[in-house]
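Structure first, then comments.
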Amino acid sequence: MQISPQQVLDALKNVEDPDLKRDLVTLNMIKDLKISDQHISFTLELTTPACPMKEMLKNACNNAIKHFVSATAEISINVTSRVTQPVNSSSLDNIKNIILVSSGKGGVGKSTVSSNLAVVLARDGAKVGLIDADIYGPSVPTMFDLVDAKPGAEETADGKTKIIPIEKYGIKILSLGFFADPGQPVPWRGPMASNAVKQLFNDTNWGELDYLIVDLPPGTGDIHITITQSFPISGAVVVTTPQQVALADTHKGLAMFKMPGINIPILGVVENMSYFTPEELPENKYYIFGKGGGTKLAERFDVPFLGEIPIIQSISEAGDNGKPVALNQNPLLDVIFGNIASKIAQQISINNAQMVNC
């Protein structure tokens, strides 16, 4: 008996996206359905290329068709993605999601998290941009070996001048460090710094981006307020280290995003420098700064805990050498940064879907 498209769609209605809590057909994730005798092919369009449940959903589709339609069906599933965006993102039409990476304290590894998050998302197939908004201590030029780089400019049809971001490792990058002498301090007052950061968003030809990651400066100052009140933010990632002195400052940084007038979704907490692991003994963990601080912070604010990043020499060496460690195919760190990126992309998809349904 000839298999009909409706039979296949009815079967796939039994497969639910575990994050979005609705079936794949209702979510319009099934595309290009084709049937020829016993051969069924279609595209499964996910909400992010970093989806951690890609294989699980693919297997569930296969099993549903075998069970409800035909046990002898030959099934081909092509998995693609179309990154979603918040409903109120009109001020930057070509940028779907802006992710802030923040902490109330300096030196906790925001730039390491930002850079490797950008690398992993781009490697998974997303269109990614990275802004280094730390005007007082920009680290991204060093981490991408771009210390002496200078971005170009172009004139638009309406006579405006647009900055052209520098592309490296598949990521479009801009840093305030590109516009200053690396050896000189930048004595800018708050309004000057805020206006400079706004230019990185408004006066740049970013093209189309799925994710724009913003590496914020430490603290809770003018730049933070300017960005959160000027642009549609998909969410913030908060970076901390385990010890109490860092947690106290990070607590304030996280609380800032929940203040009335700011109210930015918290995508989760990342704990950096969680433990020391010798590279030759990857199973050994030494909690030299304490243990579980990031988890407790996430629990206190009822936000996701995204993962622990260990102290491994290759992380700092990679950053100093201008090649983020996520590019180096370290099995342990590939899993750690891959899981963090997947959880962030997953949380953005959930938040965007909830906004649509409000």
message: Is there a side-chain contact between V83 and T47 in this structure, where contact means two heavy atoms from C-beta onward sitting under 4.5 Å apart?
response: no

message: Taking N330's backbone N and O only, do any of them form a donor-acceptor pair with N328's side chain (distance below 3.5 Å, no angle check)?
response: no

query: Given the side-chain rings of H251 and F301, with only the six-membered ring counted for Trp, is the space between their centroids under 6.0 Å?
result: yes

message: Take a 6.0 Å sphere around NZ of K296 and say whether it holds more than 12 heavy atoms from other residues, nucleotides or ligands.
response: no

query: Without hydrogens or angle criteria, can the side chains of N352 and Q85 be said to hold a donor-acceptor pair below 3.5 Å?
result: no

- prompt: For R300, does the CZ atom have more than 12 heavy-atom neighbours from other residues, nucleotides or ligands under 6.0 Å away?
  reply: yes

- request: Check whether any side-chain N or O of K150 sits under 3.5 Å from a backbone N or O of F179 as a donor-acceptor pair, and report yes or no.
  value: no

- prompt: Is any side-chain heavy atom of T277 less than 4.5 Å from a side-chain heavy atom of Y286?
  reply: no

Other residues, nucleotides, ligands: >12 heavy atoms within 6.0 Å of Q2 CD: yes

message: Does K31 have more than 12 heavy atoms from other residues, nucleotides or ligands lying within 6.0 Å of its NZ?
response: yes

- prompt: Does a side-chain heavy-atom distance below 4.5 Å link Q346 with P52?
  reply: yes

message: Looking only at the side chains, is there a donor atom on one of D23 and T26 sitting less than 3.5 Å from an acceptor on the other?
response: yes

Side-chain touch T250/L297, heavy atoms, less than 4.5 angstrom: yes

message: For H39, is there any backbone N or O sitting under 3.5 Å from a side-chain donor or acceptor partner on D37?
response: no

field: Side-chain donor-acceptor contact under 3.5 Å, S234 with Y211
entry: no

Lys/Arg cation over aromatic Y275: K285, 6.0 Å, 45° cone: yes

- prompt: Going by heavy atoms in the side chains, are V8 and I3 under 4.5 Å from each other?
  reply: yes

- prompt: Judged by atom type as modelled, is there a donor-acceptor pair below 3.5 Å linking the side chain of D302 to the main-chain atoms of A298?
  reply: no

Crowding at NZ, K162 (>12 non-hydrogen neighbours, <6.0 Å): yes

- request: Indicate yes or no: at least one non-hydrogen side-chain atom of K54 is less than 4.5 angstrom from one of L46.
  value: yes

- prompt: Looking at F201, does the NZ or CZ of K198 lie under 6.0 angstrom from its six-membered ring centre and within 45 degrees of the ring axis?
  reply: no

field: Distance-only polar pair, side chains of N321 and E317, donor-acceptor under 3.5 Å
entry: no

- prompt: Are D124 and T48 close enough that some pair of their side-chain heavy atoms sits under 4.5 Å apart?
  reply: no

- request: Can you sort out the partners of Q38 under side-chain hydrogen bond (donor to acceptor under 3.5 Å, both in side chains), two or more places apart, ordered by chain and number?
  value: S70, T72

task: In plain terms, say whether K96 and D210 are close enough for a salt bridge, that is, a side-chain N and a carboxylate O under 4.0 Å apart.
output: yes

- request: Flag the pair P141 / S175 as yes when at least one side-chain heavy-atom distance between them is below 4.5 Å, and no otherwise.
  value: yes

